[in-house]
Student: 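So that we are looking at the same thing, I have put the structure below in structure tokens.
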Amino acid sequence: MSLTIEEAIDWIHSRLLFGSRPGLDRVEELLKRVDNPEIKVPTIHIAGTNGKGSTVTYLRCMLEELGLKVGTFTSPYIEQFNERIAINGRGISDDQIILYVEKYQALIKEMDQHPESAGITEFETLTVMALDYFLDEQVDIAIIEVGLGGLLDSTNVVKPMLTAITTIGKDHTEILGETIEAIAFQKAGIIKEKIPVVTGNIEETAFVVISEVATEKNSTIYRYEQDYKANYLHPDKNWGEIFDFYGEVGKLPKVKVPLLGRHQVENAAVAIQLFYLYCQMRQINFTDRDVYHGLAQAQWPARMEKISNEPLIILDGAHNDHAMRRLAENLKKEFPNREIHILFSALSSKNIDQMIAILRKVPNVHLYLTTFDYPRAVELTKMAHYEDEKTEIVSLWQFGLGEILEKMSSEDLMLVTGSLYFVSQVRELLLNI
């Protein structure tokens, strides 16, 4: 008797019990048992502390303009579990998830009998499922987003034709290391022998580490601000950002991305450089229109996403220090004269002190701290000491949301930020309303 989709997803989630366990032994064993799809699927591999998801989306949209069948593997999901594994923006179907789960259950049960392969995690299982699916569907190219780090991440089994590292910042330090250099070394683990790597706006100390790894691997680096660059112009009058792009093929004037924030310009520039390199490697003719029109189609939920004009409500999953600093910069530049009401929650493993300190420095800010329904969500008792004249504790975010909306004037802005898991829950409620 076939599983239901709920039972299939519950089984995938049951592998969460094994946590996050860096290393490739388990994922390689399961790949071997499904005939090694990672060898047969052409891939582009993207790492980075922040910016991976939007870079994947920009690149996918441009490649789709060429008529290609483009697979994407991303995390976490915002609206539906299926979106983590997608082709041309359409998530894998329920029936296909059931098919792969039924295929993998017996294989993983057998693996669990042997100490060296026991305990494959949820993310490792999904990595194999994505590659298996992309091979079955014969995608032209699959863009694979690293889950955590790079060197020991389960996605590092792919044999990419291009790699990219978008940004380097401090996150997951308990696994990746306490210093920027240590984190950069883990991210640089995706660089492969003689495979080009595109780097985004990365500070010098981190870039030196990446450059050393690339040299060892005989890998050509395309560095932001050196081999290609974006000249930020101004926000679009409706929504998004406008910039000039410069690369080997010359200048692309007044490129628009429909996502807000200067960092989105940098992410788009990485994607354009990857797009150009891919087309050169595949000897594909492309036009400037493929870039302009492709980028214009990009949508990335919960990344400076405007879901209401009146009142103005923005969602942004800035879930670490690096992303929070970028968010604060965007708020100061884009909304300098508005009162800003921020509803924030995060996972307990994050540097909450630092993120709250950054948010408190935003001009005209009113901060509301809360928790949400998730196993690793921060507890309210851990946030009570933050309360002051500008910072309130909200026991139930659903009520807090309503109270904030009631006190806002027509010129105010509400921002929901922090954990993507939290932002996705708020997003679902607001869209239903």
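Predicted model only: the values in this text are computed from it and were never measured.
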Student: Could you tell me the separation between the CD1 atom of Ile5 and the CD1 atom of Ile97, rounded to the nearest 0.5 Å?
Tutor: 4.0 Å
Student: Quick check: closest heavy atoms across Val270 and Gly200, and the distance to 0.1 Å?
Tutor: CG2-CA, 3.7 Å
Student: Answer yes or no: is there a donor N or O on one side and an acceptor on the other, between the side chain of Glu241 and the main chain of Leu260, under 3.5 Å?
Tutor: no
Student: When you compare the side chains of Thr167 and Asn50, does any donor N or O come within less than 3.5 Å of an acceptor on the partner?
Tutor: no
Student: Mind checking side chain to side chain donor-acceptor pair (under 3.5 Å) for Glu137 and listing every partner two or more places apart, or none if nothing turns up?
Tutor: Gln96
Student: Would you say the side-chain atoms of Asn82 pair up with the backbone N or O of Ile92, donor to acceptor, closer than 3.5 Å?
Tutor: yes
Student: Taking all non-hydrogen atoms of both residues into account, name the closest pair between Ala318 and Leu327 and its distance.
Tutor: CB-CD2, 3.9 Å
Student: Which residues pass the side-chain contact (heavy atoms from CB on, under 4.5 Å) test with Asn351, sequence neighbours left out?
Tutor: Asp321, Asp353, Gln354
Student: Would you call Glu28 and Lys32 a salt bridge, using N to O less than 4.0 angstrom?
Tutor: no
Student: Side chains of Lys192 and Asn156: donor-acceptor distance under 3.5 Å anywhere?
Tutor: yes
Student: For the residue pair Ser93 and Asp95, confirm or rule out a side-chain donor-acceptor distance under 3.5 Å.
Tutor: no
Student: So which pairs with a foot in residues 110-155 pass ring-ring contact (aromatic ring centres under 6.0 Å, His included), sequence neighbours left out?
Tutor: Phe73-Phe123
Student: Going by the salt bridge (Lys or Arg N to Asp or Glu O under 4.0 Å) test, which pairs reach into residues 282-299, not counting sequence neighbours?
Tutor: Glu65-Arg289
Student: Among side-chain atoms of Asp244 and Tyr232, is any donor-acceptor pair under 3.5 angstrom?
Tutor: no
Student: Could you list all the ring-ring contact (aromatic ring centres under 6.0 Å, His included) pairs where at least one residue sits in residues 268-312, not counting sequence neighbours?
Tutor: Phe245-Tyr276, Phe275-Phe286, Tyr276-Phe286
Student: Could you list the residues that satisfy side-chain contact (heavy atoms from CB on, under 4.5 Å) with Glu392, not counting sequence neighbours?
Tutor: Tyr368, Lys407
Student: Is there a side-chain contact between Leu380 and Ile393 (heavy atoms, below 4.5 Å)?
Tutor: yes
Student: Applying side chain to side chain donor-acceptor pair (under 3.5 Å), name anything that partners Lys306, two or more places apart in sequence or on another chain.
Tutor: Asn309
Student: With a sphere of 6.0 Å drawn around CD of Gln299, does it hold more than 12 non-hydrogen atoms of other residues, nucleotides or ligands?
Tutor: no
Student: So, Arg90 and Glu83, do they make that salt bridge, N to O below 4.0 Å?
Tutor: no
Student: Between Gln138 (side chain) and Leu135 (backbone), is there a donor-acceptor pair under 3.5 Å?
Tutor: yes
Student: Using side-chain contact (heavy atoms from CB on, under 4.5 Å) as the criterion, list what pairs up with Asn201, not counting sequence neighbours.
Tutor: Tyr224, Glu266, Arg326
Student: Measure from the ring center of Phe372 to the ring center of Phe422 and say whether it is less than 6.0 Å.
Tutor: yes
Student: Quick one: do the Ser54 and Gln264 side chains pair a donor with an acceptor below 3.5 Å?
Tutor: yes
Student: One pair to check against ring pair (Phe, Tyr, Trp, His ring centres under 6.0 Å): Tyr421 and Tyr374. What are the steps and the verdict?
Tutor: CA-CA 8 Å; Tyr421 298 104; Tyr374 191 75; 4.4 Å; yes
Student: With sequence neighbours left out, write down each residue that passes salt bridge (Lys or Arg N to Asp or Glu O under 4.0 Å) with Lys382, or none if nothing qualifies.
Tutor: none
Student: Are any side-chain N or O atoms of Ser219 and backbone N or O atoms of Glu193, one a donor and one an acceptor, separated by less than 3.5 Å?
Tutor: no
Student: Between Thr43 and Ala142, is there a donor-acceptor pair closer than 3.5 Å when you use the side chain of the first and the backbone of the second?
Tutor: no
Student: Might you confirm whether atom NZ of Lys217 has over 12 heavy atoms from other residues, nucleotides or ligands at distances under 6.0 Å?
Tutor: no
Student: If we only count heavy atoms from C-beta on, is the Leu367 to Leu369 side-chain gap below 4.5 Å?
Tutor: yes
Student: To the closest 0.5 Å, what do you measure between CZ (Arg303) and NE2 (His263)?
Tutor: 9.5 Å
Student: Would you compute the distance between atom CD1 of Ile356 and atom CD1 of Ile342 and round it to the nearest 0.5 angstrom?
Tutor: 11.0 Å
Student: Side chain of Asp153, backbone of Val146: donor and acceptor closer than 3.5 Å?
Tutor: no
Student: Output, in order, the C-alpha distance, side-chain angles, deciding distance and verdict of ring pair (Phe, Tyr, Trp, His ring centres under 6.0 Å) for Phe81 and His13.
Tutor: CA-CA 11 Å; Phe81 181 86; His13 286 332; 5.4 Å; yes
Student: Mark yes or no for whether Gln280, through its side chain, and Leu277, through its backbone, hold a donor-acceptor pair below 3.5 Å.
Tutor: no
Student: May I have all residue pairs that pass salt bridge (Lys or Arg N to Asp or Glu O under 4.0 Å) and include part of residues 108-131, sequence neighbours excluded?
Tutor: Arg15-Asp112, Arg26-Glu124
Student: Find the distance between CD1 (Ile46) and NZ (Lys187) and round it off to the nearest 0.5 Å.
Tutor: 13.0 Å
Student: Answer with yes or no whether the side chains of His366 and Asp412 bring together a donor and an acceptor at under 3.5 Å.
Tutor: no
Student: Is Lys103 atom NZ crowded by more than 12 heavy atoms from other residues, nucleotides or ligands, each under 6.0 Å away?
Tutor: yes
Student: Do any N or O atoms from the side chain of Lys40 and from the backbone of Asp35 form a donor-acceptor pair under 3.5 angstrom?
Tutor: yes
Student: Could you tell me which residues satisfy side-chain contact (heavy atoms from CB on, under 4.5 Å) with Ala86, sequence neighbours excluded, listed by chain and number?
Tutor: Thr72
Student: As an exercise, state the distance from CD1 of Ile202 to CD of Glu225, rounded to the nearest 0.5 Å.
Tutor: 12.5 Å
Student: Measuring only between side-chain heavy atoms, which start at C-beta, is Asp316 closer than 4.5 Å to Leu415?
Tutor: yes
Student: For the backbone of Leu3 and the side chain of Glu102, can you confirm whether one donor and one acceptor N or O come within less than 3.5 Å of each other?
Tutor: yes
Student: What distance separates Met111 CE from Asp25 CG, expressed to the nearest 0.5 Å?
Tutor: 10.0 Å
Student: Please report the shortest heavy-atom distance between Val157 and Ser154, naming the atom on each side.
Tutor: CG2-O, 3.4 Å
Student: Distance-only, no hydrogens or angles: does the Asp236 side chain make a donor-acceptor pair with backbone N or O of Asn238 under 3.5 Å?
Tutor: yes
Student: Using the salt bridge (Lys or Arg N to Asp or Glu O under 4.0 Å) criterion, which residues pair with Arg60? Sequence neighbours excluded.
Tutor: Glu64
